[in-house]
Amino acid sequence: MPELPEVEVTRLSFVNRIAGAKVLSLHMGKPLRWPLGCAPQGLAGRTVRGVRRRGKYLLIDLDRGLLLLHLGMSGSLSFAAHMPAAGVHDHFDLVTTKGTLRLNDPRRFGAVVYAESEDASEAVKLLGRLGVEPLSDDFDVDRFHAGLKRRKAAIKQVLLAGNVVVGVGNIYACESLFRAGINPKTAAGKISRARYDKLAEAIRDILAAAIVQGGSTLRDFIAVNGQSGYFQQTYFVYDRAGVPCRNCSAPVRQIKQGQRSTFYCAVCQR
DNA sequence: AAAAGCCCCTGGATGC
DNA sequence: TGCATCCAGGGGCTTT
């Protein structure tokens, strides 16, 4: 579920509370996407230095090593000084001196992986192929445009792949392409520099606005503070199949691209 | 190298 | 009410 804004809102909600805490214990429930990659008891005594985000991954820095955490489709984190007993979908608890960080993930597409450093193979395997951060200064339109010149795949799927720009999932890909007026089926290499300008701006604006609004609330997403997001109230196309386009009133279309639903307006997006 | 398909898994919505 | 089917915020891996 969680795309970049939801992951970032999650990070912001507990980073200040967990920083400086000492790890007391670590507990795993049912298997997640990958094994943890170390003995859980081996992390006891380490200190949490901070929490960073890279794409949709959260990086929990310890005084030695780090935990890479991914929420998959249905994962959510909570942090509390007094955590209730684990439920059936709670599959990871990091118990610290300041509270417990818990991953609830019904579908278990999420992951928690330990790596000795960001350069260790376990980390490189997950982070190495990731594209540029859309909210950083590195997200440069010239490179965005140039890097996609020879790509024949549909722009929607190029965005989703995450090896050019990270963090743009199904919702924000649909919304960004609508904002930029680009048909999601257009080959990435056939889009002009001027339109990439609009697309980059749309991605930045929409992601930033979604973070400010607390992310999207879908089936599973609730931020750590228990507040749900409000971004979904401003969808223009996502999950609006057949509903009149907010801009031109033509019915929003739903198609499949690479086993994922795409929503778009055939009039506004050409 | 790039593109397309295939999975992993559970639960909610819909339809008969 | 019960049961089958479809669909869902991701993304690594395998196959073309």
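The figures that follow rest on heavy atoms only: side chains count, while hydrogens, waters and symmetry mates do not. Naming convention: chains lettered A, B, ... in sequence-line order (proteins, then strands); numbering from 1 in each chain.
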In whole angstrom, give the distance that lies between atom [atom1] of [X] and atom [atom2] of [N].
X	N	atom1	atom2	value
A:Leu130	C:dG11	CG	C1'	10 Å
A:Gln259	C:dG12	CD	P	16 Å
A:Met73	C:dG11	CE	P	10 Å
A:Lys256	B:dG5	NZ	P	13 Å
A:Leu32	C:dG10	CG	P	17 Å
A:Leu71	B:dC9	CG	P	19 Å
A:Leu160	C:dA8	CG	P	12 Å
A:Asn163	C:dG12	CG	P	10 Å

A:Phe109 ring over C:dG10 six-membered base ring, under 5.5 Å and 30°: yes

Results of side chain to side chain donor-acceptor pair (under 3.5 Å) for A:Arg151 - residues two or more places apart only: none

Non-hydrogen atoms of A:Leu130 and A:Arg54 that approach each other most closely: O-NH2, 3.4 Å

Interatomic spacing from CG in A:Asp93 to OG in A:Ser78 - rounded to 0.5 Å: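 Result: 8.0 Å between the selected atoms.
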
So does [X] get a side-chain nitrogen or oxygen closer than 4.0 Å to the phosphate oxygens (OP1/OP2) of [N]?
X	N	value
A:Lys56	C:dG11	yes
A:Arg260	C:dG10	yes
A:Ser74	B:dC9	no
A:His89	B:dT10	no
A:Arg108	B:dT10	yes

Which residue lies more 5' along DNA chain B, comparing A:Arg33 with A:Val88 via nearest heavy atoms: A:Arg33

Given A:Asp138, A:Val165, A:Val166, the one that forms side chain to side chain contact (heavy atoms under 4.5 Å, CB included) with A:Glu133: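 Answer to the side chain to side chain contact (heavy atoms under 4.5 Å, CB included) test with A:Glu133 among A:Asp138, A:Val165, A:Val166: A:Val166.
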
Given DNA chain C, 5'-ward residue of the pair A:Asn170 and A:Tyr57, judged by closest heavy atom: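 Whichever sits nearer the 5' end wins; that is A:Asn170.
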
With a non-hydrogen cut-off below 4.0 angstrom, is [X] in contact with a base, only sugar-phosphate, or nothing?
X	answer
A:Gln257	nothing
A:Gly169	sugar-phosphate
A:Arg129	sugar-phosphate

Ion pair check, A:Arg52 and A:Glu118, cut-off under 4.0 Å: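 Salt bridge: yes.
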
Watson-Crick or G-U counterpart of B:dG15, or none if no pair lies under 3.5 Å: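 For B:dG15, the partner nucleotide comes out as C:dC3, under the 3.5 Å rule.
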
Any idea which of [options] is nearest the [X] side chain?
X	options	result
A:Pro106	C:dC13, B:dA4, B:dG11	B:dG11
A:His70	C:dG11, C:dA8, B:dA3	C:dG11
A:Tyr238	B:dA4, C:dG12, C:dA8	C:dA8

A:Leu160 side chain near A:Gln257 side chain, heavy-atom distance below 4.5 Å: no

Base C:dA8 paired with A:Arg107 side chain (donor-acceptor, <3.5 Å): yes

Spacing of the P atoms in C:dC6 and B:dC6 (rounded, Å): 15 Å

